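Computed from a predicted structure; not experimentally measured. These values consider heavy atoms only, across backbone and side chains, with no hydrogens, waters or symmetry-generated copies.
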Amino acid sequence: MDCLFVYGTLRPSFDHPMSEFLQNHSILVGSGSYQGKLFHVEDYPGVIPSYSKDDLVIGEVFKLKQPELILPKLDEYEAYYPELDKDSSIFVRTLATIHMNNNTSLDAWVYLYNRPTTSLKIIENGDYLNH
């Protein structure tokens, strides 16, 4: 898979070096949403899957130019350690269906939060950049 859905600090309008890295090594496909709940963790967001179609997380999809080179760097940034047990990772990269704003859908990688969310504040509007 060579697409990635981003919803937080990797988004194009977020001023962060890793966002710039992603933009330099990928092509913006467009805006879309993921069926999940978005939480404010610390100075970054985390998303978990949701069964409710009302729970949508807003973000963008990028087509990675060289996923085999880019994903390991993003995995490190997201504290995803696929070579260790799942509990070692703060985020877990998984394939998910993303609903694009042009009424299509596609499968893309998404980093899901891999910690308890009971003490975290939910971002009701699903958009980290506008909360």
Side-chain angles (χ1 to χ4, degrees):
M1 179 52 55
D2 60 355
C3 287
L4 175 71
F5 175 74
V6 296
Y7 56 86
T9 59
L10 292 174
R11 290 178 72 182
S13 54
F14 199 87
D15 185 23
H16 191 280
M18 285 305 289
S19 173
E20 186 177 330
F21 169 80
L22 176 62
Q23 292 175 64
N24 289 337
H25 294 88
S26 62
I27 300 165
L28 179 64
V29 175
S31 298
S33 61
Y34 168 72
Q35 189 173 315
K37 290 187 180 188
L38 187 64
F39 294 90
H40 183 84
V41 179
E42 290 177 13
D43 55 348
Y44 58 89
V47 67
I48 62 169
S50 174
Y51 293 107
S52 173
K53 293 186 186 275
D54 294 332
D55 293 331
L56 296 177
V57 176
I58 307 303
E60 286 79 33
V61 173
F62 286 90
K63 181 176 174 66
L64 305 175
K65 292 178 183 175
Q66 294 180 298
E68 68 283 356
L69 300 176
I70 298 166
L71 286 173
K73 291 184 186 304
L74 295 173
D75 288 349
E76 181 179 344
Y77 173 70
E78 297 286 357
Y80 170 53
Y81 309 110
E83 69 282 356
L84 302 176
D85 65 290
K86 181 180 173 185
D87 293 336
S88 300
S89 299
I90 296 174
F91 287 86
V92 176
R93 179 168 41 90
T94 188
L95 283 175
T97 300
I98 307 301
H99 302 283
M100 302 301 291
N101 287 357
N102 65 1
N103 294 322
T104 64
S105 61
L106 55 79
D107 289 333
W109 292 113
V110 61
Y111 288 95
L112 299 179
Y113 190 59
N114 193 38
R115 297 285 188 264
T117 58
T118 52
S119 65
L120 300 177
K121 181 176 173 29
I122 192 166
I123 299 173
E124 295 288 344
N125 70 3
D127 189 344
Y128 184 66
L129 297 180
N130 293 315
H131 87 286

Checklist outcome for this item: So side chain to side chain donor-acceptor pair (under 3.5 Å) across residues 89-98, not counting sequence neighbours, yields Asp75-Arg93, Thr97-Asp107
Checklist entry - Do side-chain atoms of Gln23 reach the backbone of Ser19 as a donor and acceptor pair under 3.5 angstrom? => result yes
Item to check | Members besides Leu69 in its Ile/Leu/Val/Met/Phe/Trp/Tyr cluster (side-chain heavy atoms under 4.5 Å) | outcome: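 Besides Leu69, the hydrophobic cluster comprises nothing; the residue is isolated.
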Checklist entry - Hydrophobic clusters join Ile, Leu, Val, Met, Phe, Trp and Tyr when side-chain heavy atoms are under 4.5 Å apart, directly or via other members; which others share one with Leu84? => result Tyr81
Checklist entry - Does any pair with a residue in residues 35-46 pass salt bridge (Lys or Arg N to Asp or Glu O under 4.0 Å), and if so which ones, sequence neighbours excluded? => result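 As it turns out, there is no salt bridge (Lys or Arg N to Asp or Glu O under 4.0 Å) pair with a partner in residues 35-46 once direct neighbours are skipped.
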Next on the checklist: Counting the benzene-type ring for Trp, do His16 and Tyr77 have ring centres under 6.0 Å apart?
Outcome noted: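 Yes; Tyr77 has its ring centre under 6.0 Å from that of His16.
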Item to check | Plane angle bin for Phe14 and Tyr128 - parallel if under 30°, tilted between 30 and 60°, otherwise perpendicular | outcome: tilted
Kindly write out the residues that satisfy side chain to side chain contact (heavy atoms under 4.5 Å, CB included) with [X], not counting sequence neighbours, or none if the list is empty.
X     : result
Leu64 : Leu4, Leu22, Ser26, Pro67, Ile70, Leu71
Ser13 : Leu129
Ser52 : Ser50, Asp54, Asp55
Asp15 : none

Item to check | Non-neighbouring partners of Phe62 that pass ring-ring contact (aromatic ring centres under 6.0 Å, His included), sequence neighbours left out | outcome: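 Applying ring-ring contact (aromatic ring centres under 6.0 Å, His included) to Phe62 gives none.
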Checklist entry - Can you name the salt bridge (Lys or Arg N to Asp or Glu O under 4.0 Å) partners of Lys63, sequence neighbours left out? => result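 Result, salt bridge (Lys or Arg N to Asp or Glu O under 4.0 Å) vs Lys63: Asp2.
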Next on the checklist: Taking salt bridge (Lys or Arg N to Asp or Glu O under 4.0 Å) as the definition, give me every residue that meets it alongside Asp127, ordered by chain and number, with sequence neighbours left out.
Outcome noted: Arg11
Next on the checklist: Under the ring-ring contact (aromatic ring centres under 6.0 Å, His included) definition, can you give me all pairs with a residue in residues 18-42, not counting sequence neighbours?
Outcome noted: Phe21-His25, His40-His131
[X] side chain near [Y] side chain, heavy-atom distance below 4.5 Å:
X      : Y      : result
Phe5   : Ile98  : yes
Val47  : Tyr113 : no
Leu112 : Ile48  : no
Glu60  : Pro12  : yes

